[in-house]
Every structure is written in C-alpha cells, then in structure tokens.
Number of protein chains: 2
Amino acid sequence: MVASSVAAELIAVLVAVTGATPQVLTIARGASLPSGPLSPEHRSLQAGVRAWVERQTHHPLGYVEQLYTFADNDRNAVSRAEGRAISISYLGLTREQPNAEDDGATWCNWYDYFPWEDRRHGGVGDSAIILALHAWVEAAPKPSEIRARSLRVAVAFGLEGRRWNEELVLQRYELLYEAGLVAEATRDGIACHSDTSGLGLGLPMQQDHRRILATGIARLRAKITYRPVVFELMPPMFTLLDLQRSVEALAGRLLHKQNFRRLVEQQELVEETGIMAEPTGGRPAKLFRFRADILQERAYAGTKPPLARS
Amino acid sequence: MVASSVAAELIAVLVAVTGATPQVLTIARGASLPSGPLSPEHRSLQAGVRAWVERQTHHPLGYVEQLYTFADNDRNAVSRAEGRAISISYLGLTREQPNAEDDGATWCNWYDYFPWEDRRHGGVGDSAIILALHAWVEAAPKPSEIRARSLRVAVAFGLEGRRWNEELVLQRYELLYEAGLVAEATRDGIACHSDTSGLGLGLPMQQDHRRILATGIARLRAKITYRPVVFELMPPMFTLLDLQRSVEALAGRLLHKQNFRRLVEQQELVEETGIMAEPTGGRPAKLFRFRADILQERAYAGTKPPLARS
DNA sequence: CTAATTATGCTCATTATGAGCATAGGAGTT
DNA sequence: AACTCCTATGCTCATAATGAGCATAATTAG
C-alpha cells in the first residue's frame, strides 16, 4: 500500500479540423505533442488539462477525455535513468480554426505522421508498406511466428479478404514499429529488413509521442461512431457536406453522401438555420446548426446510434 | 516540461463470475479494492499489474485492461495533506473459481455495492431510490437546475419512456453521490434530503473505491457487447446456458435465450466438445469450448459483431 | 405414462445499413 | 433561352441485424 514517488506529466492530443484536414497541435516543429507538468492547483486531472491547454492555446476546449496512462520503464533513456515517469495523456477537441503559429505550437495534418491511415483517395499507396511488412513476416525466426505475424498484418491492414478497420490505428503503428519500419524503431535500436526510404512512413516524433497520437486518433475514430463528438470540431453553422467532410477527415475514408444525411437527420442532432451557404458553383446548401439541447442528453446517455458509416 | 513528483499506486478491479453471480475481489472485509505500489521492476504498467495480482491471488489473470487514472485533489484527506496522489486503476478478468478467503482478500458479489444495477428480476425495487432522487431534484436552488437534474435522473435511470442503459453505472453512482444518497457522500460532507435507510443503496467502500468499481463494471458491460471477453471468465467447458447466465450476470439483465444462442453460433466463437453436461432435470445440454484460435484474431481486430443483446 | 424442465430449431416483423437512381436548384456558357 | 455542369436533396430497394415468439426434442421426477 506504500505508493512510490514518481515523476508525472500530462500529454495532450489536441485535435481540430480545417476543411477536410484533421489537425493536431504539436510543438518542437512537429516533433512533439504538447506536454506539461501535473500542477497541483487543480481539483481534478481533467480540470488541470483544460486550464493548462486553454492557457497555452487561448482556445476554448470543447471536449476532453482521458486517453491512457503510460509508465513503461523502457519508454526512453530519460525515464530509465531517473526512475519511472508517468505520462497521463488526454484527447481534446477544439472547434477553433487553427492559427498558423501560436507561441511555438503548430497545427499539423495528422496524416503527415500516418500517411497510410488516409484512405479517402484509395489505399493503393499501401503496397510498398505491405511488401516491407511481408519481408518482416518472412524474417521471423520460427514458422509459428511467421504465421502469427502474417495474421497480425492481414488483420491490421485488411488483407486477404478482410476489411480495413479504421480503428486499428495503434495496432498498425505498433506493427510498423516492431518491423523496424518507422524511424522511432531504428532510433530505439530495432533492426529493419527493408529499405524504408520513400515508403511513405510518415514523420517521426520524439519519444513515444507518435504512439500516443495513434492512440488518440484511434479513440476519436471509435468515438465518432457512437457519440456525436464531431460537433465539437465544427463551427457554429455548417452545411451537411461540411459535416461529412469532417467525419471523413477523421475516419480517413469517404462516406456515402445520401446515407450520411439520412443518419444525421434521423438522429435529430442538427436543425436548419434558415440561412443558405455561400454559392460554390452548384446548388446552394442549407446551413445547419447543432442542437445543443439534444446533445446534452445524448452525450450523457449514449442511447442513440452512431454518426459514421460507410 | 518539468514533471512534478507524485505518489502513485495501482488499484485493481478483479472480476470473476460464479454461476450467476459477478464477483469482485476486495480487501478489508469488502471495504476496499486491492491496491499496491507502482513497483519499478516491471517493463510496463500492464506487466506490473499482472505480476502483482498473480502473486497476490495465485490465479492467472486472463485479461487486463487499463481503466482510468485518478488524481483528484479532493479524493480524500490523505491526498490533500500529502500532495496529489495518482491512482492508476485496472480491470482484470479471471476464470478461476473464487475461493472463499485468500490472505485477507474476499470475493464479493458486486451487486452488494450496486443493488440497483441488478435488474435480472425486475427493476421495481428502484422506486424508493427514484423517490429519493426526485426529492433531490426538487431541492435544487434554481428552476434551470431542477430541469437539468431531472433530465440527468431520467436519462441515467431510464425514466419517462427512456430505456435503461446498463452501461451508465458510473453516472448512476455519481448521481446518487451528488444527491447524498450513498454513504460515501455523507462521509465526504454532502448533505442529503432523504432518509437513506432501507433504500437498498449498497455497501460503501473506502475512499473512492466504489466509484472505481463502478467504472470497471461500466467498462466491462460495454466491452462484452463488442469483444468476446466473457470467455475469460468461463471454465474450459460450459453449456450455452452457462455462458448466457454469465453474460446476464455482468449485464444485470436477462437475455432472450434463442437469440443469444443464435448470436453465439453465428459468431463461431465456440465449438462442441462432444461431451454432455451433467443432467439437471431437463434435456441435457451440450458442453462447448471456446475457440481460442478465432479469438486471437477477433480480439485483436474487433471486426465482428457483439455478444450481448436483449 | 404424465408432468415438469431444459435444450434446440425455426419463423416473422421491424429496423439498420449499404448502394444506387432521380430530381431540384443554382452558376456559367453559347 | 437553351444547355451544361455542379452540388443538394428526396426516394427506393436489397440485405443484414435484431427482438420476439412458437414449436419440438430430450431428459428427470413422480
């Protein structure tokens, strides 16, 4: 029952969407997620994260959710030397338009870090990655290990007749890490059996921040299918196509337009504003607003169905 | 980026099922969840939890999942005095039959702590609780607050035509806490507007352990609907009714027998052993075993549908 | 042999989902 | 004005998932 004393920090995965681009707030020119100390002045962790982020970004935080607590001994050399470090990570959504630069913080397209996760324009680009993964599969020491690796690759990347599951972001990243295909792996001393240049394996991050980002993306992709959290990312008024583009940006795949509208409407999550959107060369779209009243109840209950299907 | 130093402990919600009773491992004669220090010798938190639990209980841990990290300043007097304490809670499932006693640890029916969560034999017993909650609703200072409270109660407890959502375990507990109806609330100095004796409000626990337990139950109830984790709680061979009783025990409600079988079979998660169960006064049931091969893939992918519907 | 009890097979209505066709309402072009 | 191009919006249809119930099978207890 004696609690050991450890170092603790907060790490935030802050998400916004601009048009069709999912953005994540980074520091150190895109190499790190924003992190800060666990300050004791706040009542709860959640409140601490909110205050800290809002002070840093000057943006209100619409939605905050705890992601995961990491305390691996082998996370990095620093933690090995100084004893265990605990990182408590949070996912936060903001509807503000990301500025270009904000005291050293930058909003980056999250697919810069995970190019293979964006399948809105076809997943064909994967083939090089898949080939490299197969090399790793074959390099396994035992036949049983070959089978195990092969299955993992097939499931994670939707091969052999399986469907692509967009929520397996973390599994895919960890597979690539184990295979030595992402830069963090070679940095951490994991051997690689392929030439990784030009494979589109994304930008690396410091420490295990890319893993944390993967966790956040996976969580958000899962969340939008059963909670109307997308609206936390939308401006006050939007067209149904805007909304669809946002969901598609997060999910990394395209949706059937008519079915998407049907879903949104039958959920009664939005209402017309009576205003039309700026003409864009086609039939003008109605502007909708989010029905905050119903959200309160829905968000709390989770009674009703999702908001993102193929 | 300077991480503050804090005290950290692990708290485990260990679950087993005996017949139709969901059990949770407790210490201090049912007043606490087992907790231990975060020992630095393990590679990861997960590994640390597993080793620690298995050393304590001498049972293999089938499934481990991180629940939540609590670090509220107001968690209890101790943390206030000594600075922030971090508690990292885990959910663990074991298929071992719980012994009566094991070095001070006791398996308890989790509905002893949440009687209102067991609706397998009707939810009528709620009326007293509902009345007390209504008293709290009416005691709100402002009309807007009355409406807000009223909505929360209705959603959490499935009133006014809403359906009972068995995953809202934590919301219900927190509502009862705020209303001063559970013993922990009065202990923490929250006023109550009703006579709470004889309402069936469950056994209290030390600190916020009952809240952590509620978190674990909610997580497990959600999990069984999309991941075949129930099997972690089953013996090597079981009848389909055994399996159903286990799911019902966790979910706190009865399921349609035929539909349950249909679901289990179409998921191909079990296979016949060729052995029949001991006669129990009716037609003898076939004994099934869990198909570990398919689980590996399923558990990892989460491709296929759930295993628990009404 | 009958009643009670549990297992198991099957049907049916309702709803959710995925895909496509058709029409509506604008801008620009000839 | 007629035509083209574009996006919005309305509607249908097949299929799958879900919730509920009926019917039959295989036992034990009496």
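Residue numbering restarts at 1 for every chain, and letters A, B, ... go by the order of the sequence lines. When reading the values below, keep in mind they use all heavy atoms of this one structure, side chains included, and skip hydrogens, waters and symmetry mates.
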Within 45 degrees of the axis of the six-membered ring of B/Trp164 and under 6.0 Å from its centre: does B/Arg119 put its NZ or CZ there? yes
Kindly indicate whether the side chain of B/Trp107, heavy atoms from C-beta on, has any atom under 4.5 Å from the side chain of B/Leu25. yes
Hey, could you give me each pair passing side-chain hydrogen bond (donor to acceptor under 3.5 Å, both in side chains) that has a residue in residues 213-222 of chain A? Not counting sequence neighbours.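 For residues 213-222 of chain A: A/Glu65-A/Arg219, A/Tyr111-A/Arg221, A/Glu117-A/Arg221.
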Rounded to whole Å, how long is the line connecting atom [atom1] of [X] with atom [atom2] of [N]?
X: B/Asp242; N: C/dT6; atom1: CG; atom2: C1'; value: 12 Å
X: B/Glu272; N: C/dT8; atom1: CD; atom2: C1'; value: 11 Å
X: B/Leu255; N: D/dG21; atom1: CG; atom2: P; value: 15 Å
X: B/Arg283; N: D/dA26; atom1: CZ; atom2: C1'; value: 5 Å
X: A/Leu243; N: D/dA8; atom1: CG; atom2: P; value: 12 Å
X: B/Phe260; N: C/dT8; atom1: CZ; atom2: P; value: 13 Å
X: B/Gln244; N: D/dG19; atom1: CD; atom2: C1'; value: 14 Å
X: B/Glu278; N: D/dT27; atom1: CD; atom2: C1'; value: 13 Å

Just jot down the salt bridge (charged side-chain N to carboxylate O under 4.0 Å, His left out) partners of B/Lys257, sequence neighbours excluded, or say none. none
Could you tell me whether the phosphate oxygens of D/dT9, OP1 or OP2, come under 4.0 Å of any side-chain nitrogen or oxygen in A/Lys257?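 So the side chain of A/Lys257 is outside the cut-off, no N or O lying under 4.0 Å from OP1 or OP2 of D/dT9.
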Could you grab the distance from atom CZ of B/Arg210 to atom CH2 of B/Trp110, nearest 0.5 Å is fine? 15.0 Å
In Å and rounded to the nearest 0.5 Å, what is the CD to CG distance from B/Glu248 to B/Leu241?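 One finds 7.5 Å between CD of B/Glu248 and CG of B/Leu241.
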Restricting both atoms to N or O, compile the protein contacts to nucleotides 9-12 of chain C shorter than 3.5 Å, with distance only.
from  : atom 1 : to       : atom 2 : distance (Å)
C/dG9 : O6     : B/Gln258 : NE2    : 3.1

